[in-house]
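This report refers to the structure that appears directly beneath it.
Naming: A, B, ... by sequence-line order, numbering from 1 per chain.
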There are 2 protein chains.
Amino acid sequence: MPGTKPHDHLIFLTNRVGRQLSRLLLEQMEFEGFLPQSTHMGLVADLVGNDGLRQQDLAISTIKDKGTVARALKQLESAGILMRKVDAEDRRQKLIRLTDKGNRLWQFAKCKAINTMETATLDIEPTEFDTCIDVLQRVYQNLHQQLSIPQTSNHE
Amino acid sequence: MPGTKPHDHLIFLTNRVGRQLSRLLLEQMEFEGFLPQSTHMGLVADLVGNDGLRQQDLAISTIKDKGTVARALKQLESAGILMRKVDAEDRRQKLIRLTDKGNRLWQFAKCKAINTMETATLDIEPTEFDTCIDVLQRVYQNLHQQLSIPQTSNHE
DNA sequence: GCAAACTAGTTGCGTTTGCAACGAATAACC
DNA sequence: GGTTATTCGTTGCAAACGCAACTAGTTTGC
């Protein structure tokens with residue numbers, strides 16, 4: 001993938017760097033007898049500091065199927081990482097909250113990520129890196145609206 | 001995923017933006033009766049302008065298992081997108097080359113990507129975007145070496 | 001030259017994933 | 001108030017993935 005037109009390559013770069021980082025981090029991530037996987041950590045990342053999210057919210061923010069999210073959450077629940085409680089005001093939905101173990105898992109992950117992120121960003125200026133994160137966050141936001149609207153404009 | 005510490009979030013941002021872009025692009029990508037998927041396009045992207053790559057090379061650059069690559073390439077071959085020819089000098093390996101249809105598929109994908117990338121980068125300065133691509137490419141390179149060496153330093 | 005070590009690609013197997021259909025609970029409409 | 005739509009979560013199913021075992025071809029070392 002030599003440097004040609006950048007625009008067409010964001011999709012491949014993000015997917016590949018994402019897989020690289022996931023692999024390198026997950027192979028270090030045995031935590032109290034639990035071996036999390038990429039989907040698990042993506043969910044935990046959203047739940048840190050955000051009690052009371054619904055499964056649907058997590059499916060949208062992680063860009064994963066709600067069935068996939070349901071199964072991953074069930075695994076995380078039986079591993080003691082989080083709790084799911086049926087909402088009393090709307091008994092269709094379940095409110096999700098990290099347990100203490102879940103918060104410790106997150107701290108553990110952040111700790112393990114340090115070395116990998118250092119080698120990943122060896123020759124990169126902090127300002128450049130911040131710009132990269134900022135751009136990705138805005139791309140994420142821009143496309144978020146696009147994906148949240150399954151069918152609207154051209155339904156005829 | 002509100003804006004907290006950026007370093008820990010590159011992994012989630014890349015994975016999510018990658019999935020967003022893959023979804024939005026693939027749903028427009030019916031091409032001459034063939035519906036490519038994310039793995040297919042990742043391989044095609046590497047093969048454009050690069051005749052004679054081996055399956056192993058593609059597995060390393062796309063960060064995918066060689067079995068997965070083998071199966072995806074078989075599908076692409078039977079769809080007429082590429083050809084695999086056993087190397088006469090080393091009959092273990094197969095040299096891969098895009099067909100005319102494969103190159104047309106790539107042009108088609110680039111064409112379809114324009115609109116999506118426009119909305120994705122609406123509020124982003126071109127220089128910022130270039131910096132983002134540049135940083136991602138360097139991260140990719142930095143981690144590439146890390147992954148290509150399965151066991152070396154601490155094998156004791 | 002021949003056996004051992006290694007490499008490239010294929011295949012089997014269990015897990016994960018997305019899609020679609022379903023059931024339960026709420027909202028909207030008349 | 002009761003019927004119809006919608007929404008949230010679960011589950012069945014087929015496809016895709018990673019891992020490991022395997023085959024075939026090549027290289028190394030004696």
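- Sequence neighbours left out, the pairs with a member in residues 38-72 of chain B that pass ring-ring contact (aromatic ring centres under 6.0 Å, His included) are B:Phe34-B:His40.
- Counting only residues at least two apart or in different chains, salt bridge (Lys or Arg N to Asp or Glu O under 4.0 Å) contacts with residues 67-84 of chain A comprise A:Glu77-A:Arg84.
- Rounded to an integer number of Å, the gap from A:Gln56 CD to D:dT10 C1' is 13 Å.
- For A:Asp65, there are no salt bridge (Lys or Arg N to Asp or Glu O under 4.0 Å) partners two or more places apart in sequence or in a different chain.
- A:Leu58 and A:Met83 are members of different hydrophobic clusters when ILVMFWY side chains are connected at heavy-atom separations under 4.5 Å.
- Remark: C1' of C:dG18 and CD1 of A:Ile60 are 16 Å apart, rounded to the nearest angstrom.
- C:dG9 atom C1' lies 15 Å from atom CG of B:Leu53, rounded to whole Å.
- Residue B:Lys64 contributes atom NZ, which lies 18 Å from atom P of C:dG9 at whole-angstrom precision.
- Every residue two or more places apart in sequence or in another chain was checked for a side chain to side chain donor-acceptor pair (under 3.5 Å) with B:Asn115, and none qualifies.
- At D:dA16, one or more side-chain N or O atoms of B:Gln37 fall inside 4.0 Å of OP1 or OP2 (strictly under the cut-off).
- For the side-chain contact (heavy atoms from CB on, under 4.5 Å) test, residues two or more places apart in sequence or in another chain that qualify with B:Leu98 are B:Val44, B:Leu47, B:Val48, B:Ile81, B:Leu82, B:Asn103.
- What separates CG of A:Asp90 from P of D:dT6 is a distance of 17 Å, to the nearest Å.
- Put simply, CG on B:Leu26 is 14 Å from C1' on D:dA16, counting in whole angstrom units.
- Contact annotation: B:Gln55 reaches the phosphate of C:dT10 (side-chain N/O to OP1 or OP2, under 4.0 Å).
- Checking the phosphate oxygens (OP1, OP2) of C:dT17, a side-chain nitrogen or oxygen of A:Thr39 falls inside 4.0 Å.
- When the nucleotides C:dC19, C:dA25, D:dG9 are ranked by their closest atom to the side chain of A:Gln93, D:dG9 comes out on top.
- Salt-bridge annotation for B:Asp90 and B:Arg54: absent, with no side-chain N of the basic residue lying under 4.0 Å from a carboxylate O of the acidic one.
- Using a 4.5 Å heavy-atom threshold, the side chains of B:Asp57 and B:Asp46 count as separate.
- By the side-chain contact (heavy atoms from CB on, under 4.5 Å) test, A:Lys112 is found to be paired with A:Gln28, A:Met29, A:Phe108, residues two or more places apart in sequence or in another chain being considered.
- Between the two ends of the helix from C:dG1-D:dC30 to C:dC30-D:dG1, each summarised by a five-pair axis, the helix axis turns through 20° (rounded to 10 degrees).
- Of the residues in residues 70-77 of chain A, A:Arg71, A:Gln75 come within less than 4.0 Å of DNA chain C through at least one heavy atom, sorted by number.
- Comparing D:dC19, C:dG18, D:dT10 by their nearest atom to the side chain of B:Arg23 picks out C:dG18.
- Rounded to whole Å, atom C1' of D:dG18 lies 15 Å from atom CG of A:Leu35.
- Each of A:Arg91 and B:Arg54 has a nearest nucleotide on DNA chain C; the 5'-most of these lies closest to B:Arg54.
- Sequence neighbours left out, not one pair with a member in residues 58-79 of chain A passes ring-ring contact (aromatic ring centres under 6.0 Å, His included).
- At the phosphate of D:dG18, OP1 or OP2 sits under 4.0 Å from a side-chain N or O atom of B:Thr68.
- By the salt bridge (Lys or Arg N to Asp or Glu O under 4.0 Å) test, A:Asp51 pairs with no residue at all, sequence neighbours left out.
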Report each atom pair, protein N/O against N/O of nucleotides 22-24 of chain C, whose distance is under 3.5 angstrom.
none

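- The salt bridge (Lys or Arg N to Asp or Glu O under 4.0 Å) test applied to B:Asp134 returns B:Arg138, not counting sequence neighbours.
- A:Arg84 comes within 4.0 angstrom of the backbone, heavy atoms only, and of no base.
- Between the C1' atom of C:dG18 and the CG atom of B:Leu24 lies a distance of 16 Å, rounded to the nearest Å.
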